[in-house]
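Reading through the structure tokens given below for one structure.
Order of appearance sets the numbers: ligands from 1, and atoms from 1 within every ligand. Just so we're clear, the structure is a prediction, and the values are computed from it rather than from any experiment.
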Amino acid sequence: MNDPTVSRRDLLKSAALAGTAITLNSTLAKAEELLLEPPAVAGASMIGVKFEKRDKVRLGIIGVGGRGLGMLGEWMAVDGVEVTAICDIDKGQIDRTLKRFEKAGKKAPAVYGKTERDYENLCKRDDVDFIYIATPWDWHVPMAVAAMNNGKHCGLEVPAATTVEGCWELVNVSEKTRRHCMIMENCCYGQSEMLVLNLVKEGKLGQLLHGECAYNHDLRFIINEGRSEGIWRRLPHTKKDGNFYPTHGLGPMANYMGVNRGDKFEYMVSMSSPSLGLNEYREKTVPKGDPKWKEKYVCGDMNTSIIKTNKGRTIMLQHNITTPRPYDRINLIQGTQGIFRDYPERLFIESPENKEERYESLAKYKAQYEHALWKTTGELARKNGGHGGMDFIMVYRTVQCLREGFAPDMDVYDAAAWSVPGPLSELSVAKGSAPVKFPDFTRGRWQDARNAMA
Ligand SMILES: NC(=O)c1ccc[n+]([C@@H]2O[C@H](COP(=O)([O-])OP(=O)(O)OC[C@H]3O[C@@H](n4cnc5c(N)ncnc54)[C@H](O)[C@@H]3O)[C@@H](O)[C@H]2O)c1
């Protein structure tokens with residue numbers, strides 16, 4: 001203890017690793033260090049900070065690939081939005097995007113993408129209020145940081161960041177610049193997710209106890225294609241083992257449980273199955289001699305984590321994109337008086353009339369509990385929108401917040417808390433499923449009661 005060459009950080013670190021004979025790679029070692037000693041406060045909290053009111057939202061888009069170009073239609077369909085600038089390093093995607101402007105009879109945006117860092121020039125423009133970022137994961141943090149440092153609010157595709165360090169950087173830059181960094185988690189705006197949120201808020205399920213959620217989606221074909229996500233989304237499977245895509249399941253679950261609004265993710269444990277799916281897929285589909293045969297897949301096909309919240313609730317969170325299976329986000333929420341689960345959606349609420357403990361359809365509750373956004377905009381959403389209309393509702397609501405001067409539904413603290421199970425699951429898996437504590441990105445403000453998704 002008296003050795004001046006041993007820092008407090010070293011002592012904490014060795015205490016945390018005591019009893020484990022595990023060597024962590026540099027990213028996980030940094031993650032562990034940050035869990036023990038979070039970075040210094042950068043500025044006042046961004047919780048509840050309202051956007052400035054504006055008549056029109058001038059939008060910049062970085063990344064017009066599969067997702068960014070798909071979402072362009074949603075942005076264009078909402079009143080009061082002008083897309084003033086786009087950026088992509090793929091000339092083909094820029095050309096496809098410009099054709100969409102032409103077809104819609106809209107003024108062509110300014111174009112960036114000459115180099116990998118040309119997005120910095122888009123961020124400097126003075127005719128951009130909000131920047132939507134839909135690029136590969138490793139670009140999310142530097143792009144959001146550039147946006148905020150240039151005075152722009154931004155919305156990040158999911159997950160917002162893939163490291164603990166990246167999550168803290170988003171929080172600190174948002175606090176320092178007073179700019180919002182939203183997570184564009186479309187699943188929070190799903191019709192059933194929003195209806196169930198209303199049921200929960202009205203206490204129909206009683207006191208909440210347990211949730212289950214996932215991203216279980218067979219992406220073997222997509223991540224093996226020679227384009228789009230096939231270029232970058234298979235690579236993490238050769239480098240790390242954990243849950244790379246936690247937010248589609250966890251965002252709606254956090255809203256049900258009021259995470260960062262009275263409850264908090266406390267700690268998690270994570271374990272992975274063997275990694276076999278991509279090997280079998282390659283065996284069946286990839287010609288011998290293809291560079292993919294040099295890849296070694298190390299991510300377990302099914303990663304399962306359990307999160308404990310401050311109120312003692314439990315959440316089972318899964319990730320599996322490398323085996324044949326129907327799509328499933330599970331979306332289960334259990335309370336003291338009932339349970340909802342999705343895929344297919346069904347509900348059981350204890351009542352004298354339902355003695356046989358049979359699930360009912362959610363349709364019965366629609367008239368009373370449908371979310372106001374779906375009541376007013378559902379028809380338009382279904383007509384325009386991807387993913388059953390949730391993409392449109394998310395964009396519509398984001399624009400509404402920006403124009404009316406509301407605080408965003410999903411702020412930088414949500415972005416960090418929902419994304420951080422990515423690196424925390426890697427850390428827990430690497431340490432033999434040891435419990436790993438969540439950082440408190442809100443620095444104590446998670447206890448403030450506030451409404452999830454107004
Ligand atoms: N919310 C959803 O439902 C949903 C669905 C699909 C994808 N996503 C997310 O959207 C993001 C993008 O995924 P995608 O499927 O569109 O991938 P994609 O590969 O199809 O598109 C990414 C685009 O980013 C461009 N890009 C890469 N580096 C760049 C740089 N430095 N500057 C400018 N452009 C750059 C690429 O050229 C490409 O066009 C990811 O974060 C992904 O997880 C979300």
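- Applying the ring pair (Phe, Tyr, Trp, His ring centres under 6.0 Å) test to every pair with at least one member in residues 156-182, sequence neighbours left out, gives these pairs: Phe51-His180, His153-His180, Trp168-Phe441.
- Counting only heavy atoms from C-beta outward, the side chains of Met302 and Asn216 approach each other to under 4.5 Å.
- Sorted by first and then second residue, the ring pair (Phe, Tyr, Trp, His ring centres under 6.0 Å) pairs involving residues 248-276 (not counting sequence neighbours) are Tyr215-His248, Tyr245-His248, Phe265-Phe438.
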Throw together a table of side-chain donor-acceptor distances under 3.5 angstrom for residues 64-71, partners on residues two or more places apart or in other chains.
{"residue": "Arg67", "atom": "NE", "partner": "Glu157", "partner atom": "OE2", "Å": "2.9"}
{"residue": "Arg67", "atom": "NH1", "partner": "Asp391", "partner atom": "OD2", "Å": "3.0"}
{"residue": "Arg67", "atom": "NH2", "partner": "Asp391", "partner atom": "OD1", "Å": "3.3"}

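- Within the 4.5 Å cutoff, the side chain of Asn198 has no heavy atoms near those of the Glu370 side chain.
- Contacts of ligand 1 (protein heavy-atom distance under 4.0 Å) are Gly63, Gly65, Gly66, Arg67, Cys87, Asp88, Ile89, Asp90, Gln93, Glu116, Ala134, Thr135, Pro136, Trp137, Trp139, His140, Met143, Glu157, Val158, Asn186, Ser228, Glu229, Trp232, Tyr245, His248, His387.
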Test salt bridge (charged side-chain N to carboxylate O under 4.0 Å, His left out) on Asp129 and Arg403; report intermediate values, then the result. CA-CA 11 Å; Asp129 305 306; Arg403 292 182 75 193; over 6 Å; no

